[in-house]
Structure formats: structure tokens, C-alpha cells
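Before any comments, here is the structure.
Just so it is clear: chains get the letters A, B, ... in the order the sequence lines come, proteins before strands, and each one is counted from 1. These numbers were taken from a predicted model, which means no experiment stands behind them.
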Amino acid sequence: MKVFALVDCNNFYVSRERVFCPRLSQRPVVVLSNNDGCVVARSQEAKALGIPMGAPVFQCREVLDRERVEACSSNYTLYGDMSRRVMLTLGQFTPHVEVYSIDESFLGFRQAPSSDLTAFAQDIRGTVRQWTGLPVSIGIGRTKTLAKLANRIAKRTETAQGVFDLTDPHRDLLDGIEVKEVWGIGPRYTAFLKRHGIRTVHQLTQARDAWVQKHLTIVGLRIVRELRGVPCIPLEEIPPSKKAIARSRAFSRPVRALPEIREAVATYIASAARALRKQGSVAGCLHVSVETSRFKTPRYGDAATLRLPFPTASTSDLIHFAHQGLRLIFKEGYPYHRAGVFLTDLSPQDSLQTDLFTLEYYDDRKKRLMELVDGLNARWGRGRVRFAAEGLKQEWGMRQSRRSPRFTTRWEELPVVRAS
DNA sequence: TCTGGGGTCCTAGGACCC
DNA sequence: TCTGGGGTCCTAGGACCC
């Protein structure tokens, strides 16, 4: 029997902060979004206080202060590195791993790895805990959708000890789970299904295929079939190349001056272009956008789309065109809140179609320059070599007043242990 | 004062082609 | 007065995920 497991780090961002800061355990902790604006992760204790996911900090300031909740700025460098360690650990148990997100992986087994799947999963759980310090929950099922569902059950069932095996789903069990718990069934579909008398997972498995496909599209049909135990969504061990790469961020304060926005756009381009080169692609189309705050007037926002005269992955080319686009949409006098760039029409760099008139742009020197820059930054740390257009001070940049040190990726931020 | 960021897939409808 | 059939590509909008 083919089996899938979904391994998910509990409250990943918070748990990770706790690994290096034991003071935070047993206490309510939240992790904040960029610019420390919203709550993006909560510990169990913080959830119990009723702090909602995504809540703006200024709106829950009172409860944060009253309950002395610890608030950390997000520290993606560290989360990314810890995530990598967890995924490497999981690789010890099966070669078939799909890294689904920063805190989740699907594991695939051609046949059940043990007669006691729960004990096997407990072993994985213990190993991850021991090697990385992070708690995980594991759901097991015959399809990815069922493994996902099993994981939800594992998380909320006290007695499950973080593991739930759903390889043999009983009708009564599925009848006790609401459809909104299912991977791929969001708020709209939940409301729609409810209007048609479908409230539980079991009821959903009984719906007619044609009806499901008509109203929930082919995607919904796949979900229903997976809930019935028919695998429709394969394990993706090799992550597919991105079809689009976006970078956008709110400024730390309103920005009115074009030169500052030009810096921000250049910075986002540099980051997007790095990702582009990393997957060996070039971009054929570029979008750049600016926007004032959605919560204030006057409001203004616009985006420019530029079809590039030639596909490229060169940061300097892309900055040049992005600045061109910015000129089309920037209006003097608005307090801008956010800027963004979006690279699309991506294609593999090695299958470039050239034509007589664009040959001049395929300058090998540009390519070698980017390889050199990427190499230096890989060796000496990201941002060591930058484009002047990105600016030096970046005063519009992120606010992270409570960021923990990057314990695992910076020599100068290693944790210090004192023995007495 | 203060409100996140980055993706995917599907469908419908229009433009255009032969 | 009459006005085909089949296909592709693109875009906008909607749904979902973490």
C-alpha cells in the first residue's frame, strides 16, 4: 500500500524563536510581519488569549501589553535555515520528500514503511525534535489530501501525541470533521457546500462527481476523489520552476520622493533577479507597481507592464527597464506605502531564441558579471556586492525592532554560552 | 503612529486564425 | 433574406495555499 505522510512544524516561527530563547517557552509569544505590522504566528498560549492570525498589532496592543505577550520581529534568514535542517532530517526516513512550504513536507512511501505507522511517525517526530529542537505533527493517509487532514486531527487531539494515522478512515470519523478542514476547501467553497447541505467530510465524499466538477472545478473533483482514498495529486519531489517571481514590500514610513522609490524598486529587482538566475531562467516581461496605503486617502496606485525587448536575467538590464516603467506610473505628491516588481514570461535561459536584431544584447560579459556577483554574495554573504541603484542607507527599508539574531547563518551572531 | 508577502491553478469570454 | 465549425492564445477574475 502506498502511503503519504505530512510533517508540519507546530507554530513554526514561534517554535524556532524558542529554540534559541528558552525564556519564551510556556509563555504567550507572537511573531510579527515585516515592519512589525501584523501578527503572523502565535504560540498556543497566544492563540488561547484570542489573538487572531493576521491581526494588526495596533489593534491588539492592549492584550499584548496586559498579558505581557512576547513579540518577535520575523527573521526569515533563520527560519529558512532551520527549515532546511528539518527537511534534511526527514530525508533520513525516505528518499521521497516534497518540500511543500517553509514548515511542511510530504513524505512518500511506495509501501507502508512499518506495520505500526504510528510508532514509525513517532520515531520521525522524536528525531526531528532531537536534531533541531523543533516540535512537529505528522498525519498519515493513502493520499496527500488525507495525510493533510490526518495532520489537522493530530494537531488538535490531545491524546494523539502529535501523530494521526488515517490510512483506514472510518465513516463516523469523517462525519465528525467539517469540510472547511480539508486542504483546498476555503471559505467560499465551505459556504457554497453548506448551502447545498454538505457540511462534513463524509458528506463531501458522497457528492456526485459531475456536480462537484461543475461547481468546484476539476480541482475540487480531485480533492473529493483523494478524500475517497484515490490518489490524484502526485508527490512533487523536484520543485517545478517558478512561472513568475514577485517582490513587493511595504515601506517603513510613507515615501514621497522618487529617488527613494527608485532605490526600493532596484532592491526588489536585485532580489527577484537573483531568484530568477538561481532557477536558470530569463524574464520576458516585467511589471512594476506603486501604491499608497489602502487605509488612507488620498489613494493612488498603478502598475506598468513592460514587454522586454529581449529576455534577460541581468540585474542591471532589469533595473533599467523597471525604472523606465516607474517613470510611467509615479505621480508627484502622494505618500507611497508600497512598491513591487513582478517578473513573468519566464523561460529557461539555455533555450533562448535570438533574432538578428537583438543579438547585440546577448552580451556574454553581462552573464559573467552576474555569475561573479552571485558567487561573491554566496561566499561572503548576501548583499556584500550590490548595485549602486539599490542605495546605501535604504531609509525606506524594513522595520524589525525585535528581530532575534541570525544564530545559525552569521558568525557574528552565533549564540554565546557562558559556563560558570 | 501602526494594517504581510508570494505563489498556483482554473474558467469564461474575447480576439483571432483557417 | 441569408450568416459554420473548430481551434489557440490571451486576459481578467476567482478560488485556493502557506
Specify the separation, in whole Å, of atom [atom1] of [X] and atom [atom2] of [N].
{"X": "F192(A)", "N": "dC16(C)", "atom1": "CZ", "atom2": "P", "answer": "12 Å"}
{"X": "Y268(A)", "N": "dG5(B)", "atom1": "OH", "atom2": "P", "answer": "8 Å"}
{"X": "L346(A)", "N": "dG6(B)", "atom1": "CG", "atom2": "P", "answer": "15 Å"}
{"X": "M87(A)", "N": "dC18(C)", "atom1": "CE", "atom2": "P", "answer": "13 Å"}
{"X": "Y79(A)", "N": "dG4(B)", "atom1": "OH", "atom2": "P", "answer": "17 Å"}
{"X": "H287(A)", "N": "dC10(C)", "atom1": "NE2", "atom2": "C1'", "answer": "13 Å"}
{"X": "F342(A)", "N": "dG5(B)", "atom1": "CZ", "atom2": "C1'", "answer": "12 Å"}
{"X": "R188(A)", "N": "dC17(C)", "atom1": "CZ", "atom2": "C1'", "answer": "16 Å"}

Taking NZ, NE, NH1 and NH2 as the nitrogens, is one of them in [X] or [Y] under 4.0 Å from a carboxylate oxygen of the other?
{"X": "R256(A)", "Y": "E332(A)", "answer": "no"}
{"X": "D374(A)", "Y": "R379(A)", "answer": "no"}
{"X": "E62(A)", "Y": "R66(A)", "answer": "yes"}
{"X": "R403(A)", "Y": "E413(A)", "answer": "yes"}
{"X": "R142(A)", "Y": "D168(A)", "answer": "no"}

Report the nucleotide, chosen from [options], that has the shortest atom-to-atom distance to any side-chain atom of [X].
{"X": "I245(A)", "options": "dG7(B), dT11(B), dC16(C)", "answer": "dG7(B)"}
{"X": "W183(A)", "options": "dC17(C), dG4(B), dG7(B)", "answer": "dC17(C)"}
{"X": "D103(A)", "options": "dC16(C), dC18(C), dG4(B)", "answer": "dC18(C)"}
{"X": "Y189(A)", "options": "dC16(C), dT8(B), dT3(B)", "answer": "dC16(C)"}
{"X": "A246(A)", "options": "dG7(B), dG4(B), dT3(B)", "answer": "dG7(B)"}
{"X": "V219(A)", "options": "dC16(C), dG4(B), dC9(B)", "answer": "dC9(B)"}

Distance test, side-chain N/O of [X] to OP1/OP2 of [N], below 4.0 Å:
{"X": "R249(A)", "N": "dG6(B)", "answer": "yes"}
{"X": "K243(A)", "N": "dC9(B)", "answer": "yes"}
{"X": "K242(A)", "N": "dT8(B)", "answer": "no"}
{"X": "R222(A)", "N": "dT8(B)", "answer": "no"}
{"X": "S248(A)", "N": "dG6(B)", "answer": "yes"}
{"X": "K148(A)", "N": "dC18(C)", "answer": "yes"}

Assign [X] to base, sugar-phosphate, or nothing according to its heavy-atom contacts below 4.0 angstrom with the strands shown.
{"X": "K214(A)", "value": "nothing"}
{"X": "I185(A)", "value": "sugar-phosphate"}
{"X": "R253(A)", "value": "nothing"}
{"X": "H337(A)", "value": "sugar-phosphate"}

(request) Treating a pair as Watson-Crick (purine N1 to pyrimidine N3 plus N6-O4 or O6-N4) or G-U wobble (N1-O2 and O6-N3) with both distances under 3.5 Å, list the stems of 3 or more consecutive pairs that involve DNA chain B. (result)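 The stems that DNA chain B takes part in, listed by first number, are B:5-18 with C:5-18.
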(request) Examine distances only and state if a side-chain atom of H96(A) and a backbone atom of E237(A) form a donor-acceptor pair shorter than 3.5 Å. (result)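 Not a single qualifying donor-acceptor pair exists.
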(request) State, to 0.1 Å, how close K144(A) and I233(A) come at their nearest heavy-atom pair, and which atoms those are. (result)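 Closest approach of K144(A) to I233(A): CD-O, 3.2 Å.
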(request) For N75(A) and P405(A), work out which heavy atoms get closest and say how close. (result)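 What the structure gives for the nearest pair is ND2-O, 3.3 Å.
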(message) Does R253(A), at its CZ atom, have more than 12 non-hydrogen atoms belonging to other residues, nucleotides or ligands within less than 6.0 Å?
(response)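 Yes, because the 6.0 Å sphere around CZ of R253(A) holds more than 12 heavy atoms from other groups.
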(message) Quick check on K180(A): does its NZ atom have over 12 non-hydrogen neighbours (other residues, nucleotides or ligands) under 6.0 Å away?
(response)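 At most 12 heavy atoms, drawn from other residues, nucleotides or ligands, come within 6.0 Å of this atom.
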(request) Using ring pair (Phe, Tyr, Trp, His ring centres under 6.0 Å) as the criterion, list what pairs up with F407(A), not counting sequence neighbours. (result)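 Testing F407(A) for ring pair (Phe, Tyr, Trp, His ring centres under 6.0 Å), a comparison that skips the adjacent residues, returns F20(A).
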(request) Tell me which of R294(A) and I218(A) sits closer to the 5' end of DNA chain B, going by the nucleotide each one is nearest to. (result)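 Result of the comparison: R294(A).
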(request) Please tell me which of Q213(A) and R338(A) maps to the more 5' nucleotide of DNA chain B, matching each residue to the nucleotide holding its nearest heavy atom. (result)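 In this pair, the answer is R338(A).
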(request) Please measure how far the C1' atom in dG4(C) lies from the corresponding atom in dC17(B), and state the result in whole Å. (result)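 One C1' to the other, the span is 14 Å.
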(message) Heavy atoms within less than 4.0 Å of DNA chain B: which residues of residues 46-70 of chain A have one? Give them sorted by number.
(response)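 When residues 46-70 of chain A is checked for heavy atoms under 4.0 Å from DNA chain B, the hits, listed by number, are P56(A), F58(A).
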